[in-house]
Number of protein chains: 2
Amino acid sequence: MSASTVLISEVGPRDGLQNCKSIMPTELKKQWISELAACGIREIEVGSFVSPKLLPQMADTGEITRYSKTIKGLEVAVLVPNLKGAQLAIDSGADKITLPMSVSETHSIRNIRRTHDQLIDEAKAISELIQSLPENERPHFEGSLSTAFGCTLEGQIAETTILKCAERLMAAGCDEVGVSDTTGYGDPNSVKRLIRAVRATIGADKLTGVHLHNTRGLGLANALAAYDEGIVTFDSSLGGLGGCPTAPGASGNIVTEDLVFMFESMGVKTGIDLDALMKTRETLQNGLPDEELYGFTPLAGLPLGFKKA
Amino acid sequence: MSASTVLISEVGPRDGLQNCKSIMPTELKKQWISELAACGIREIEVGSFVSPKLLPQMADTGEITRYSKTIKGLEVAVLVPNLKGAQLAIDSGADKITLPMSVSETHSIRNIRRTHDQLIDEAKAISELIQSLPENERPHFEGSLSTAFGCTLEGQIAETTILKCAERLMAAGCDEVGVSDTTGYGDPNSVKRLIRAVRATIGADKLTGVHLHNTRGLGLANALAAYDEGIVTFDSSLGGLGGCPTAPGASGNIVTEDLVFMFESMGVKTGIDLDALMKTRETLQNGLPDEELYGFTPLAGLPLGFKKA
């Protein structure tokens, strides 16, 4: 059931950078993204089409997206909060558009000022926009179930609510739904349970990717649990960039280097050159000299006699 | 197959402290151990009966062992490198004696100046000593297969060699064999494979515990894999104490706080009060003001609405 190849979707340029106080210069972002792609990373979430007033770190997402599209073979993914963002994403040529829907309605209202109904209306409008394009120009449209393993405002969210959100996103026109552990509340059992439940509701082929965090150190264990359930796409961020703003010192995203090391050690192909990947930390650190990078494998180095899958 | 209850064996006072440059004062060690036991930790490896010249951090192991034996309900474990250490352990009243055997003979010769044959002779002598005691005074005797997932000198060790070591330790009189990822080379698949192979060779009831490291960040994922195989005893260290001396900044041991959080979140009982456990970090830090403590859960805090198993 588990795959012999997985897709590591690097989200550092989006989820990482948007959580940093300092802003990475556009030229260094481009250099970093092209270096990541050169290591064998096939999908990168390069930015977020949000208001530059809210997230000045993402102000150059249009330019970054257009640049990324010049990199051969790279799947260029972006996050959008609404129809306006989706239009900008399409104008820039993005291959994949992700609309996050917080299954915690409290969180949804506080964070993006949208009730579930309003968010679903946004999803429908985005879907209509995409359908209005010629078939070969339509980006892949994913709805992401955020706070799926719990919310810092509401705590655990009822599974029925989560499944309803998944169904509504699909009905609104999403091609696929993803599951996000925004708060790092997930554990291997809850990850497995929710993947099974969502797949039972919308179909196994409509949930292939997870976005897990490492806030409480369970990132790789949760990724392993998801992999055991047949998940093939894993979001992670180089150097674990994107510390959780509510927990100083706590890492947010799964560290790409450690995730790739885990899979390659297990004999699961990622297509990524781990030595080259670790070297790209220098570019990232140059672009963000004040940010702390995470990751154990880069510090310890690869095992003696290590062979990639 | 997986258990509803696991035993977390805290190895900080041994594997943690012996890898620190600074020496924790005896009185603070006692305070820390009694606090750990008060949190619900039922087994603690309190020290190592090695030469104080080699490891001055362990010079008070006799006193610490005798003190720990006064704590009601606590299983007091110690490491011994040879017969002399075992005699001291027995004199101090240890409940459990672990003799490490490096499956890498190169490592064994360089580290403890023993070939495999010599190490097995040591195991036999310890077993004879134990058998000479009245039945109710005999400590549990475990042989630990160290560098089981690879060695920094030899790389991967042939599985036939590891299984031969396991068989010989059992034949020498060990009650049980443990598997140790001394170097942090293991991955979830190799952990599962080796557990199955060792159990197929010496019997499932003769391998119930693993000692995994977090050197490359895979500690919890590997623990999850071992748990899925039916392992019930997991070594870990508070604050991940015991950084790998060959990799500055890289954590060695699995962080007890994160491991307990993982199991409790999964609904697997550890019997440990996680809030109280996290408070014992203060005592540890007081005893070792210069050491860096690891762990994500202590920084992030417990999830809203978190319930222990």
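The structure presented is a predicted model; accordingly, all values stated were derived computationally and were not measured. Chain naming here is simple, since letters A, B, ... match the order of the sequence lines and numbering starts at 1 in each.
- Proximity to chain A (any heavy atom under 4.5 Å) is restricted, for Leu224(B), to the side chain, taken from C-beta onward.
- Rounding to the nearest 0.5 Å places CG of Asp187(A) at 11.0 Å from CD of Glu264(B).
- Atom CD of Gln285(A) has more than 12 heavy atoms from other residues, nucleotides or ligands within 6.0 Å.
- Ranking Cys151(A), Ser190(A), Gly217(A), Gly155(A) against chain B, the residue ahead of the rest is Gly217(A), based on heavy-atom pairs under 4.5 Å.
- Remark: side-chain polar atoms of Tyr185(B) are not paired, donor with acceptor, to backbone N or O of Phe306(A) under 3.5 angstrom.
- Your options are Phe261(A), Phe149(A), Phe263(A), and the one with the most heavy-atom pairs under 4.5 Å with chain B is Phe261(A).
- When the candidates Pro298(B), Gly184(B), Gly305(B), Pro188(B) are compared by the number of heavy-atom contacts under 4.5 Å with chain A, Pro188(B) comes out ahead.
- Between Tyr294(A) and Phe296(B), the ring planes lie tilted relative to each other; the angle falls in the 30° to 60° range.
- To the nearest 0.5 Å, atoms OG1 (Thr297(A)) and CG (Leu218(B)) are separated by 6.5 Å.
- Residue-environment remark: NZ (Lys308(A)) exceeds the threshold of 12 foreign heavy atoms within 6.0 Å.
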Next item on the list: Please lay out, stage by stage, how Leu304(A) and Thr152(B) fare under the test side-chain contact (heavy atoms from CB on, under 4.5 Å).
Entry: CA-CA 6 Å; Leu304(A) 179 65; Thr152(B) 52; 5.8 Å; no
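- The shortest heavy-atom contact between Arg216(A) and Pro303(B) is NE-CD, 3.7 Å.
- For Leu259(B), no part sits under 4.5 Å from any heavy atom of chain A, backbone or side chain.
- Contact of Glu154(B) with chain A is made through the backbone alone, with heavy-atom distances under 4.5 Å.
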